[in-house]
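Report on the following structure.
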Amino acid sequence: MNETFSSALRLAETLAGSAIAVLAADFIVGVFHWIEDAYLRDDCPVLGRLIARPNILHHYRPRHFLRNSWIASCWDLWLVSAALVAAAWALDRLTLPVCVFAVLVGNANQIHKWAHRSRRENGPSINLLHDLRILQGPRHHAIHHTDPKSTHYCVITEWLNPVLERLRFWTRLECGLRKTFGIRRRSDTSNRRHGFTPEWILLAEQG
Ligand SMILES: [Zn+2]
Ligand SMILES: [Zn+2]
């Protein structure tokens, strides 16, 4: 009886831990997305070309990144996830929640791509994950791509964004950074009447 109870308790702990890992992965990915959208500029050394430009292009032409393969979209995040799994293994802390977190973070860009594909492009298994609200679907993600494009930064699930928006989490964070350090959001010129389209966007569209 005691053994059955402790097994059930361990299972409940693992399931609860995995649910928390899903939310943690969604939040971490959302934080990096927010930093890119709000503060990373295309003229920033190294990161401007590597991260800011693809991110800015995504706001102008949301389906442009669909031409990238799964590997091209996720190899860098796979490296981060592999390092995390290796560290957890070395510390004897490699659990199911750690694996769930690593898999979701490692494939966040691909999950994001699925939210930009049509149902026909995604196929039945991805459509099912969207229909069951297990992964974030196109309708939910479209809110992020609606001007002023300053909400709904989390791209893995549909659970966290409503809570963060209700708390005005990102707005308060930006307000705190502005008042404390004088750091202001960059202008997102993909919004209507927010400035001119950078020339490199027009060149990228031709490529
Ligand atoms: Zn964005
Ligand atoms: Zn998107």
Side-chain angles (χ1 to χ4, degrees), residues 22 25-44 47-77 104-123 126-127 129-131 133-165 167-175 177 183-198 200-201 204-205:
V22 171
D26 203 10
F27 180 69
I28 290 293
V29 169
V31 167
F32 278 96
H33 184 181
W34 165 73
I35 292 170
E36 290 169 18
D37 277 11
Y39 300 107
L40 201 57
R41 295 169 190 275
D42 60 345
D43 57 358
C44 173
L47 293 182
R49 190 168 284 271
L50 274 179
I51 300 175
R53 286 193 177 197
N55 185 60
I56 292 167
L57 180 61
H58 180 59
H59 278 203
Y60 274 93
R61 301 288 177 261
R63 281 177 57 87
H64 189 275
F65 76 156
L66 296 183
R67 61 182 71 179
N68 299 333
S69 69
W70 193 324
I71 294 174
S73 300
C74 297
W75 69 270
D76 46 354
L77 291 176
L104 289 174
V105 168
N107 293 288
N109 286 341
Q110 186 65 22
I111 294 169
H112 182 187
K113 277 161 70 182
W114 291 336
H116 282 281
R117 283 182 176 165
S118 67
R119 289 182 72 80
R120 192 172 164 173
E121 288 168 324
N122 274 331
I126 306 299
N127 289 340
L129 291 171
H130 285 164
D131 292 344
R133 301 282 191 274
I134 292 171
L135 292 180
Q136 187 172 126
R139 191 187 286 256
H140 183 101
H141 186 59
I143 304 170
H144 176 70
H145 283 275
T146 305
D147 289 4
K149 305 186 181 89
S150 57
T151 66
H152 295 68
Y153 294 100
C154 303
V155 297
I156 295 176
T157 76
E158 299 187 2
W159 312 332
L160 210 48
N161 283 323
V163 177
L164 294 175
E165 295 312 324
L167 295 171
R168 299 181 63 235
F169 179 80
W170 307 110
T171 312
R172 286 180 169 165
L173 208 52
E174 288 166 18
C175 188
L177 286 174
I183 304 171
R184 290 180 176 276
R185 262 190 86 98
R186 68 168 167 79
S187 175
D188 186 341
T189 54
S190 72
N191 291 321
R192 271 159 293 178
R193 294 188 290 279
H194 273 63
F196 297 107
T197 304
W200 61 264
I201 292 266
E205 284 172 338

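Whatever order the structure lists them in is the order used to number ligands and atoms, beginning at 1.
In this structure, a donor-acceptor pair under 3.5 Å is absent between the side chains of His140 and His152. Between the side chains of His64 and His116, no donor-acceptor pair of N or O atoms lies under 3.5 Å.
Pairing each heavy atom of Ile201 with each of Ile56, the nearest pair is CD1-CG2, 4.0 Å.
Look at Asp37 and the Zn ion (ligand 1): an N/O/S atom of the residue is under 2.8 Å from the metal. Distances from the Zn ion (ligand 1) show that His59 has an N/O/S atom below 2.8 Å. The nearest N, O or S atom of His58 is not closer to the Zn ion (ligand 1) than 2.8 Å.
Side chain of Asn161 to backbone of Cys154: a donor-acceptor contact under 3.5 angstrom is found.
Sorting the N, O or S atoms of His145 by how far they are from the Zn ion (ligand 2) puts NE2 first.
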